[in-house]
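Below is one structure; the comments refer to it alone.
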2 protein chains.
Amino acid sequence: MVEDIVKSLGFLCLGSRFRRIGERLQADTQRIMEEFGVPIQSAQYPFLAAIDRAGPLTTGQLAQAVGITQPGATRIISQLQELGYVDMQTSVEDQRRKLVSLTRKGRELVDYSKRLIWPRIERAVSELCEDLSGPILEQLTAIESELADAPLANRGKLDKGQKS
Amino acid sequence: MVEDIVKSLGFLCLGSRFRRIGERLQADTQRIMEEFGVPIQSAQYPFLAAIDRAGPLTTGQLAQAVGITQPGATRIISQLQELGYVDMQTSVEDQRRKLVSLTRKGRELVDYSKRLIWPRIERAVSELCEDLSGPILEQLTAIESELADAPLANRGKLDKGQKS
DNA sequence: AAGTATTATATAACTTGTTATACAATTTGT
DNA sequence: ACAAATTGTATAACAAGTTATATAATACTT
């Protein structure tokens, strides 16, 4: 067994470590979405959620809401448009702006997700992080070792209150 | 100002959030490396550190040590080879294995980094995370708001013991 | 009102990760 | 000892972010 250098180096490699945990969580989330037959990428979800929560938003506002750069947002929006979940219309007052809104199909996906999928994901992740406390490095170690034991998809399957 | 949806959704978007923090930290680290004129990418550093710490390693062992997949490791190793920091030789006992080791140039970069750069990065990151405690979501919020105030490159400039 | 500066989106090229798969070398089973 | 399975690395295609830059629309300045 080889030493986990990123873990050992601690603060020095914190960026790599955050990133690999993020990628792992996104991949595991994708797995859960596949179980439900959701036909989008996990990175696309926050865009639908943002519009659901705030109403139609421009490309720039979406980039800001999701916390990525504008070119990244532009690409994801055009994928979602391609898939028929959102449509765009040029703003009347300012023709540079494009307002992105949910189509009927997009609204249906969001409603379904809010009802069944998002609670499931949230349960899995909060189960993973529950009772975590203390210094950040220790929490990261705990998260990674939990994930090594069982992926997200094996967690949070039960509704609150249920027992195994 | 638009709501930060990834932050608001909490556990539901934890993967995206980890990833964006990791990317931010890697980018900021890169900035510090540029100040020192280090001619590599921040993602390549852990490979050099791993070999420095454990001696020559195979491609697979490096992938494991750094915590990424083997194809990713293969690419980074060949970049480092291209740049002249490592070289590879086929193992004698098992000709499938390639042992990666530091060249003289690689060793010089590692020695210089250990002396000047890594401590600098470590100070910056630990200053960023110091005194953090409590639930993971709160720590992430604190980290992101700290980074919004001042990038890593503006932190940890002083040696331990010094006062501003 | 015209010319310049700014803003919003789009596009191109790159980075760093991924999965799936091919291929060669070694190991295992009969 | 040979065939089949396994292992280690490489390659291809993709995902999701980045920076730098182009283009069109709007806003400012004089």
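Per chain, numbering begins at 1; letters A, B, ... match sequence-line order.
Using modelled atom types, one finds a donor on one side chain and an acceptor on the other under 3.5 Å when comparing S113(A) with Y45(A). Side-chain contact of E3(A) with S8(A): a donor-acceptor pair under 3.5 Å is present, judged by distance alone. T141(B) and R17(B) share a side-chain donor-acceptor pair at under 3.5 Å. At a cut-off of 3.5 Å, with distance as the only test, no side-chain donor of S91(A) or Q95(A) sits close to an acceptor on the other residue. For the 3.5 Å distance criterion, the side chains of T74(A) and Q70(A) qualify, holding a donor opposite an acceptor.
A heavy atom lying under 4.0 Å from DNA chain D marks none of the residues of residues 44-54 of chain B. Listed in residue order, the members of residues 140-148 of chain B having a heavy atom less than 4.0 Å from DNA chain D come to none. Contacts of residues 20-35 of chain A with DNA chain D (heavy atom under 4.0 Å): none.
Between R75(B) atom CZ and dT16(C) atom C1' there is a gap of 6 Å when expressed in whole angstrom units. As a whole-Å value, the separation of Q79(B) CD from dT11(D) P is 13 Å. If you measure from atom CD of Q81(B) to atom C1' of dT9(D), you get 13 Å, rounded to the nearest angstrom. Here the C1' atom of nucleotide dA15(D) and the CG atom of L80(A) are 14 Å apart, to the nearest Å.
For the pair R20(A) and D4(A), the salt-bridge criterion is met [side-chain N within less than 4.0 Å of a carboxylate O]. Salt-bridge formation is detected for the pair E23(A)/R19(B): a Lys NZ or Arg NE/NH1/NH2 atom is positioned less than 4.0 Å from an Asp or Glu carboxylate oxygen.
For Q89(B), the CD atom is loosely surrounded, since the number of other residues' heavy atoms within 6.0 Å does not exceed 12. Applying the 6.0 Å contact sphere to CD of E35(B) captures more than 12 heavy atoms from other residues, nucleotides or ligands.
Considering all non-hydrogen atoms of both residues, A73(A) and I68(A) come closest at N-CD1, 3.5 Å.
For the salt bridge (Lys or Arg N to Asp or Glu O under 4.0 Å) criterion with R155(B), the lone passing option out of E127(B), E130(B), E122(B) is E127(B). When each of L137(B), V6(B), L9(B) is paired with L14(B), the side-chain contact (heavy atoms from CB on, under 4.5 Å) condition holds for L137(B) and for no other.
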Would D28(A) and R24(A) count as a salt bridge (charged side-chain N to carboxylate O under 4.0 Å, His left out) here? Give the steps. CA-CA 6 Å; D28(A) 278 16; R24(A) 172 68 196 266; 3.2 Å; yes

Hey, mind stepping through R107(B) and D111(B) against salt bridge (charged side-chain N to carboxylate O under 4.0 Å, His left out) and telling me if it holds? CA-CA 6 Å; R107(B) 165 120 324 274; D111(B) 287 343; 3.2 Å; yes

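Overall, the helix from dA1(C)-dT30(D) to dT30(C)-dA1(D) carries an axis bend of 10° between its ends, with five pairs at each end and the value rounded to 10°.
Under 3.5 Å, the side chain of R19(B) and the base of dG17(D) form no donor-acceptor pair of N or O atoms.
At a threshold of 4.5 Å between non-hydrogen side-chain atoms, the residues D52(B) and F47(B) do not count as touching. Side-chain atoms of Y112(B) and F36(B), non-hydrogen and from C-beta on, do get closer than 4.5 Å to each other. Within the 4.5 Å cutoff, the side chain of I40(A) has heavy atoms near those of the L109(A) side chain.
A residue-by-residue look at S91(A) and I76(A) shows that I76(A) has its nearest nucleotide of DNA chain D further toward the 5' end.
Between Q95(B) and dA24(C) there is no side-chain N or O to OP1 or OP2 distance below 4.0 Å.
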Atom pairs, N/O to N/O, protein against nucleotides 5-9 of chain C, distance under 3.5 Å?
unit_1: dT7(C); atom_1: O2; unit_2: R96(A); atom_2: NH1; d: 2.6
unit_1: dA8(C); atom_1: OP1; unit_2: R97(A); atom_2: NH2; d: 3.4
unit_1: dT9(C); atom_1: OP1; unit_2: T59(A); atom_2: N; d: 3.4
unit_1: dT9(C); atom_1: OP1; unit_2: K98(A); atom_2: N; d: 3.1
unit_1: dT9(C); atom_1: OP2; unit_2: G60(A); atom_2: N; d: 2.8

Give me, pair by pair, the N or O atoms of the protein and of nucleotides 1-4 of chain C that are less than 3.5 Å apart, along with how far apart they are.
none

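Linking ILVMFWY side-chain heavy atoms closer than 4.5 Å, directly or via other members, places I77(B) and L99(B) in two distinct hydrophobic clusters.
In the set dA16(D), dA10(C), dA20(C), dA20(C) carries the atom at the smallest distance from any side-chain atom of P71(B).
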